[in-house]
Amino acid sequence: MPAQTSKRVRNTQLRRHFLIGNEAHVLPHPTYPSPPPDGHTKGWKVYVRPLPNGPDMTTWLKKVQFKLHHTYTDASRMIEAPGPFEVSETGYGEFGVEIRLYFAPESGEKAVYREHYLVLAPYGSEEQKARQKRENVVVAERLETIEFNEPTQEFFKAMTAEEQFDWLKSKKVGRGKGRKAEMVSESEVEPTAQLPERPVEGSGAGNGLGAGGAWSRVYERQVLAQMGQSAASLELALEHEKREMEARRRKMEELGVAITSNEALVGRCF
Ligand code: SLL
């Protein structure tokens with residue numbers, strides 16, 4: 001049955017987050033040809049990537065077309081699933097890479113367009129620029145979101161299936177036919193786009209996320225610490241409230257009010 005005519009799941013949206021970005025190095029650099037082509041001063045890679053340990057993108061993403069500047073031979077590069085959806089090149093100048101995302105046929109969705117402006121030169125504060133120069137790496141990436149409105153039933157099934165996480169199952173347990181894959185924790189998974197220890201300079205800039213803060217372990221720890229603090233102050237407030245109630249109960253006893261059970265006062269507050 002063609003996807004266009006298959007039934008849609010009403011009042012339902014499917015959303016997926018992913019990353020679009022580039023990294024760049026001043027040449028010579030070990031991952032690029034040496035000597036570089038004439039006049040080429042930078043090696044770079046533009047990419048469409050899943051979030052660290054996110055579900056397999058290829059459930060919905062089947063092809064990515066990267067259209068480079070016309071000065072490149074074969075400027076249009078099509079990368080098919082399973083990817084990685086990236087193009088590695090050398091060059092001298094920055095330009096806007098036109099990106100087209102092609103979806104799973106059962107989704108019945110048309111290709112979607114995005115643009116990523118290549119960032120090859122250090123940027124940000126003086127301190128950030130100095131670090132990018134020192135480490136010879138510039139990263140410019142942002143969080144992107146794709147939304148599928150009222151997906152086809154077939155697509156909905158694929159997008160909610162547990163198999164999407166199969167790529168995280170690298171350990172086999174048991175013997176013979178009983179051998180099966182088991183989920184592994186992040187530390188055991190070959191990192192693809194590892195959550196950085198610190199906010200990546202400039203990542204998230206201009207998209208309201210704030211200097212990549214949403215995507216670092218430092219930020220993760222801050223959130224956990226804040227949650228811990230909130231829990232602690234809630235505990236304190238509860239303790240305080242309990243003491244107040246006890247005091248009120250005693251006061252009422254003194255006043256001769258009969259109280260049969262503490263429960264009556266404490267009720268269901270806790
Ligand atoms: C700039 N307006 O000058 C831009 C143009 C051109 C990018 C960027 C070399 C390609 C090749 C290359 O880097 N082109 O030689 O194959 O900043």
Side-chain angles (χ1 to χ4, degrees), residues 17-52 57-58 61-103 110-146 191-194 196 198-213 215:
H17 298 302
F18 60 103
L19 300 173
I20 291 187
N22 81 267
E23 57 186 47
H25 311 276
V26 174
L27 296 175
H29 186 273
T31 51
Y32 294 90
S34 181
D38 245 8
H40 288 197
T41 52
K42 306 277 170 48
W44 52 261
K45 192 190 270 183
V46 61
Y47 50 79
V48 174
R49 278 183 189 161
L51 295 184
M57 284 176 103
T58 60
L61 189 60
K62 295 297 170 191
K63 289 191 292 191
V64 178
Q65 183 196 45
F66 296 92
K67 236 179 181 172
L68 310 181
H69 194 263
H70 62 80
T71 46
Y72 284 90
T73 41
D74 307 323
S76 171
R77 314 279 174 94
M78 187 67 96
I79 312 293
E80 312 252 349
F85 300 109
E86 57 185 43
V87 168
S88 191
E89 264 297 349
T90 60
Y92 56 81
E94 301 181 337
F95 59 92
V97 181
E98 296 174 30
I99 299 173
R100 262 189 190 79
L101 308 172
Y102 292 85
F103 305 116
K110 287 201 218 87
V112 157
Y113 177 78
R114 293 284 192 278
E115 195 197 44
H116 176 71
Y117 203 86
L118 266 190
V119 181
L120 304 182
Y123 64 98
S125 67
E126 288 310 315
E127 200 188 333
Q128 288 170 325
K129 283 194 247 185
R131 199 170 87 188
Q132 291 159 17
K133 275 189 201 143
R134 199 170 56 241
E135 295 173 1
N136 188 17
V137 59
V138 170
V139 174
E141 66 179 19
R142 65 179 187 273
L143 176 71
E144 277 282 345
T145 305
I146 189 87
T192 48
Q194 192 73 263
R198 319 197 139 272
V200 176
E201 284 169 18
S203 83
N207 64 6
L209 270 178
W215 302 111

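Each residue takes its place number in the sequence, starting with 1. Only heavy atoms go into these numbers, but all of them, side chains included; no hydrogens, no water, no symmetry mates. Order of appearance sets the numbers: ligands from 1, and atoms from 1 within every ligand.
Note: no N/O pair closer than 3.5 Å links Thr73 and ligand 1 by distance alone.
The distance from the OH atom of Tyr32 to the CD atom of Glu89 is 9.0 Å, given to the nearest 0.5 Å. Atom OG1 in Thr58 sits 6.5 Å away from atom CZ in Phe85 (nearest 0.5 Å). To the nearest 0.5 angstrom, Lys45 atom NZ is 7.5 Å from His25 atom NE2. With values rounded to the nearest 0.5 angstrom, Glu115 atom CD is found 11.0 Å from Arg100 atom CZ.
Tyr92 N, 2.8 Å is the protein heavy atom nearest to atom 13 (O) of ligand 1. With respect to atom 2 (N) of ligand 1, the closest heavy atom belonging to the protein is Glu94 O, 4.1 Å. Nearest protein heavy-atom neighbour of atom 16 (O) of ligand 1: Thr71 O, 3.2 Å. Summary of contacts: the protein heavy atom closest to atom 5 (C) of ligand 1 is His69 NE2, 3.7 Å.
The backbone N or O of Leu120 lies less than 3.5 Å from a partner atom in the side chain of Glu94, making a donor-acceptor pair.
The distance from ligand 1 to the heavy atoms of Gly91 drops below 4.0 Å at these ligand atoms: 13 (O).
If you check the side chains of Tyr47 and Glu23, you find no donor sitting under 3.5 Å from an acceptor.
Residue His40 places a heavy atom less than 4.0 Å from ligand 1.
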